[in-house]
Amino acid sequence: MTERDAVIDTFLAGNGWDGAKRSPLPGDASFRRYLRLTLGGRNAMLMDAPPPQENVDAFVAVARHLEIRKFPPLGL
């Protein structure tokens, strides 16, 4: 297990996704990687964008915008 995997484990455990099945999704031409999460009939996608290679401010802004407008909770 890498240090980054430990960070992801802690994040998932703190947001109700502890023990979720993780399936990798195709990436893009960046440092980001994506995982499909499945747990008890729930599905989600995790974007791992390790700092300092990635700036996630725009992604967080969109997530908060959607959450304020009553879209399903995003775990932020």
Side-chain angles (χ1 to χ4, degrees):
M1 176 183 290
T2 68
E3 181 179 330
R4 192 72 189 156
D5 290 330
V7 169
I8 290 169
D9 287 346
T10 300
F11 173 80
L12 293 176
N15 287 282
W17 289 91
D18 191 29
K21 177 184 174 191
R22 302 175 196 181
S23 304
L25 295 170
D28 56 17
S30 72
F31 288 96
R32 291 186 298 267
R33 68 178 173 141
Y34 301 91
L35 300 170
R36 180 185 314 276
L37 305 174
T38 306
L39 181 66
R42 298 184 301 154
N43 297 295
M45 183 174 65
L46 173 78
M47 178 185 70
D48 176 25
Q53 291 92 356
E54 295 287 339
N55 181 340
V56 298
D57 292 344
F59 291 97
V60 172
V62 169
R64 288 192 173 132
H65 175 80
L66 293 172
E67 195 167 36
I68 287 168
R69 279 146 186 83
K70 308 295 186 207
F71 281 77
L74 300 172
L76 298 175

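Values below: every heavy atom of this structure, side chains too, minus hydrogens, waters and symmetry copies. Only a predicted model underlies this, so the values are computations on that prediction, with no experimental measurement involved.
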A.B. asks: Spell out, yes or no, whether Val7 and Phe59 are grouped together once hydrophobic residues are joined by side-chain heavy atoms under 4.5 Å, including indirect joins.
C.D. replies: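 Val7 does not cluster with Phe59.
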A.B. asks: Verify the cluster assignment for Phe31 and Ile8: are they in a single hydrophobic cluster under the rule of side-chain heavy atoms below 4.5 Å apart?
C.D. replies: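 Different hydrophobic clusters.
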A.B. asks: With a sphere of 6.0 Å drawn around CZ of Arg22, does it hold more than 12 non-hydrogen atoms of other residues, nucleotides or ligands?
C.D. replies: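 More than 12 within 6.0 Å, yes.
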A.B. asks: So which heavy atom on Pro51 is nearest to which on Arg4, and how close?
C.D. replies: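 The answer is CD-NH1, 3.7 Å.
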A.B. asks: Can you check whether Ser30 reaches Glu54 side chain to side chain, under 4.5 Å on heavy atoms?
C.D. replies: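 Of all side-chain heavy-atom pairs linking Glu54 with Ser30, at least one is under 4.5 Å.
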A.B. asks: List the atom of Leu39, the atom of Gly16, and the distance in Å for their closest heavy-atom pair.
C.D. replies: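 Leu39 and Gly16 have their closest heavy atoms at CD2-O, 3.6 Å.
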A.B. asks: For the residue pair Leu37 and Leu46, what are the closest heavy atoms and their distance?
C.D. replies: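 Taking every non-hydrogen atom into account, CD1-CB, 4.1 Å.
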A.B. asks: Any cation-pi pair here, Arg42 with Trp17, using under 6.0 Å and within 45°?
C.D. replies: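 Yes.
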A.B. asks: Should we say atom CD of Glu3 is surrounded by more than 12 heavy atoms from elsewhere, each under 6.0 Å from it?
C.D. replies: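 Check fails, neighbour count at 12 or below.
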A.B. asks: Check for me, please, whether Met45 and Val60 land in the same ILVMFWY cluster - side-chain distances under 4.5 Å, paths through other members count.
C.D. replies: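 Yes.
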A.B. asks: How far apart are the closest heavy atoms of Asp18 and Ala13, and which atoms are they?
C.D. replies: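 Of all heavy-atom pairs spanning Asp18 and Ala13, the closest is CB-CA, 3.7 Å.
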A.B. asks: How many angstroms lie between atom NZ of Lys21 and atom CZ of Arg36, to the nearest 0.5 angstrom?
C.D. replies: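 That separation rounds to 9.5 Å.
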